[in-house]
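Here the structure comes first, spelled out in structure tokens, and everything after it is commentary.
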2 protein chains.
Amino acid sequence: MAKRGSYAKGVAKREEILTRALEVIAREGFRGASVREIADAVGLSQAGLLHYFGSKEQLFVEILRKRDEIDAGRFEPGDMELAEMREGYLRVIRHNSEVPGVVELFSRLAVEASDATHPAHEYFLQRSALIRQLFTETVRKAQEDGRMSDRVDAEILARLFQAASDGMQLQWLLDPDVDMAATVDALFQLLAPVPVQADAAG
Amino acid sequence: MAKRGSYAKGVAKREEILTRALEVIAREGFRGASVREIADAVGLSQAGLLHYFGSKEQLFVEILRKRDEIDAGRFEPGDMELAEMREGYLRVIRHNSEVPGVVELFSRLAVEASDATHPAHEYFLQRSALIRQLFTETVRKAQEDGRMSDRVDAEILARLFQAASDGMQLQWLLDPDVDMAATVDALFQLLAPVPVQADAAG
DNA sequence: GTCTATATTGAGATAGAC
DNA sequence: GTCTATCTCAATATAGAC
């Protein structure tokens, strides 16, 4: 038996805390929230919360992992075609524009975790690589079938998509009127195969 | 007389401090440097440094403004054509990859300044708008002349360029092997007008 | 204008009771 | 497992001497 009752219960509680923390950050924003504030919000003392996560940074990483887990459900399961990838990605981005606090937490941590000794460094490296891998595969297939421009290598395009969405988050945090999803979608449009036009020569 | 000697000297000293601070951050990185560390680096006490800038955030904004001032010199003067814009932009990006500390300072502050009450909020709004305006104008002219794809509106393209470069900074901070300039240049390539091909119909 | 010294604050971490 | 209380540290900001 790998799990005794109490252990399983501890895990369940952890999950519950993360879900509630995510809700609270989504609803009330982040603004550099302290462990104390999150503890209040989820109905624990600061020490009580840290009992589960050890440190502030570990708590934040786990919150972001929980978010990823939920976002994964916004994609179609299974092997991805370009159209589904586009739909799923835009769905996630549209959802993000409902939860500025989560976007802020993500962006902050992304910068801080650039230090190789930061507890979130591995998380960002792996997440980043995974997303690019999914994009690269989907884009490459689409390029082979002529459903996407092949002027630029698939791996570079994957990086550009990721950069566009991360960068749009910064623009949107600064000015919430910006339409993140529409702007990222413009990049998809740019990559649609060139329609054959009678006057293509100008 | 708007300036007495002592006032002009104060200004000169400020400039000198900013230039040195920028050099130090470029050379030694940022890593959330404290006012104290920057003060040491420029040869002043912490209080001495704050005497000139009032607060930490104001100091950081001024450092970034000084950086912008220097970067402006990396562009050709005068009205910009697409090719010069591209050259200048890539030149700035290539320079950035020599100064990770400056990129980190910029990225950190960009997130923190999303709060409208943050002392750097206005700076980022204005800088952001200015860059987009330059891009929009240049792109629009290029689109009118057929030197750039007009599948996507110039303002949206301007946002995409900005997002791509900001987003690539995040990727590069996490993994310095990434080639920021080459990736952003790929976006320029994508936008070059479509060459007329014999087999355009596939 | 610059320094030393100190006030103040804020936060995360930890000890120990229950 | 959870709380209260406390420790510790880091950092900015400020007062006041020179």
Side-chain angles (χ1 to χ4, degrees), chain A residues 3-21 24-25 28-63 101 104-105 108-109 111-113 115 117-120, chain B residues 3-21 24-25 28-63 101 104-105 108-109 111-113 115 117-120:
Chain A
K3 293 183 183 178
R4 281 170 302 150
S6 62
Y7 176 70
K9 203 177 161 200
V11 169
K13 177 88 188 195
R14 256 177 78 106
E15 295 302 301
E16 190 203 314
I17 292 172
L18 292 173
T19 303
R20 297 211 46 194
V24 169
I25 292 172
E28 300 178 18
F30 179 66
R31 303 262 148 260
S34 61
V35 172
R36 174 67 204 277
E37 285 171 289
I38 296 175
D40 286 353
V42 304
L44 275 178
S45 69
Q46 189 236 29
L49 180 55
L50 282 189
H51 168 72
Y52 286 96
F53 299 98
S55 79
K56 177 196 188 172
E57 270 86 12
Q58 286 170 51
L59 166 63
F60 287 160
V61 178
E62 293 308 316
I63 292 176
E104 193 192 342
L105 169 60
R108 262 180 201 253
L109 219 56
V111 180
E112 283 163 22
D115 186 330
T117 67
H118 191 285
Chain B
K3 293 182 184 181
R4 281 171 300 152
S6 60
Y7 176 70
K9 201 176 162 203
V11 170
K13 177 88 188 195
R14 257 177 76 104
E15 294 301 302
E16 189 203 316
I17 291 171
L18 291 174
T19 302
R20 299 212 44 195
V24 168
I25 292 172
E28 300 178 17
F30 178 66
R31 304 261 146 259
S34 61
V35 173
R36 174 68 204 277
E37 285 171 290
I38 296 175
D40 287 353
V42 304
L44 276 178
S45 69
Q46 190 239 25
L49 180 55
L50 281 189
H51 168 73
Y52 287 96
F53 298 97
S55 79
K56 177 195 185 174
E57 270 84 12
Q58 286 169 52
L59 166 63
F60 287 159
V61 178
E62 294 308 316
I63 291 175
E104 194 192 341
L105 169 60
R108 263 182 201 252
L109 219 57
V111 180
E112 283 162 22
D115 186 329
T117 67
H118 191 285

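In the text below, chain A, chain B and the rest are named by the order of the sequence lines, each starting its count at 1. Any value given below was found using the heavy atoms of this structure, including those in side chains, with hydrogens, waters and symmetry copies removed.
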Review point. Can you tell me how far P of C:dA11 sits from CZ of A:Arg31, to the nearest Å?
Key: 15 Å

Revision key, fill the gap. Nearest heavy-atom approach of A:Val61 to A:Ala120 is CG2-CB, 3.4 Å

**Study point:** Touch class at under 4.0 angstrom, heavy-atom based, for B:Ser45 against every strand present
**Key:** base

**Study point:** Nearest-angstrom distance from the residue atom CG of B:Leu59 to P of D:dA11
**Key:** 15 Å

Check your understanding: Can you check whether B:Phe60 reaches B:Ile25 side chain to side chain, under 4.5 Å on heavy atoms?
Key -> no

Exercise for review: Supply the atom-to-atom distance B:His118 NE2 to B:Leu109 CG, rounded to the nearest 0.5 angstrom.
Suggested key: 5.0 Å

Tell me which donor-acceptor pairs under 3.5 Å the side chains of residues 32-49 of chain B have, and how far apart each pair is, sequence neighbours excluded?
unit_1  : atom_1 : unit_2  : atom_2 : d
B:Ser34 : OG     : B:Glu37 : N      : 3.2
B:Ser34 : OG     : B:Glu37 : OE1    : 3.2
B:Arg36 : NE     : B:Asp40 : OD1    : 3.3
B:Glu37 : OE1    : B:Ser34 : N      : 2.9
B:Ser45 : OG     : B:Gly48 : N      : 2.9

Point to revise | B:Asp40 CG - D:dA11 C1' separation (whole Å) | key: 13 Å

Point to revise | Nearest heavy-atom neighbours spanning A:Ser55 and A:Leu50 | key: C-CD2, 3.8 Å

**Study point:** Over all atoms of both residues, closest heavy-atom pair of B:Arg108 and B:Arg31
**Key:** NH2-C, 4.2 Å

Protein N or O to nucleotides 13-16 of chain D N or O, pairs below 3.5 Å:
unit_1 : atom_1 : unit_2  : atom_2 : d
D:dA13 : OP2    : B:Lys56 : N      : 3.1
D:dA13 : N7     : B:Gln46 : OE1    : 3.3
D:dA13 : N7     : B:Gln46 : NE2    : 3.3
D:dA13 : N6     : B:Gln46 : OE1    : 3.3

Review point. In whole angstroms, how far is the P atom of C:dT2 from the CG atom of B:Leu44?
Key: 6 Å

**Study point:** Atom pair distance, as rounded to whole Å: NE2 in A:His51 and P in D:dA5
**Key:** 20 Å

Check your understanding: Heavy-atom distance under 4.5 Å between the side chains of B:Phe53 and B:Ile63, does that happen here?
Key -> no

Point to revise | Closest contact, heavy atoms only, B:Tyr52 versus B:Arg14 | key: O-NH1, 3.0 Å

**Study point:** Stretch residues 12-21 of chain A: residues that reach within less than 4.0 Å of DNA chain C through a heavy atom
**Key:** none

Review point. For B:Phe53 and C:dT2, what is the distance between atoms CZ and C1' respectively, to the nearest whole Å?
Key: 14 Å

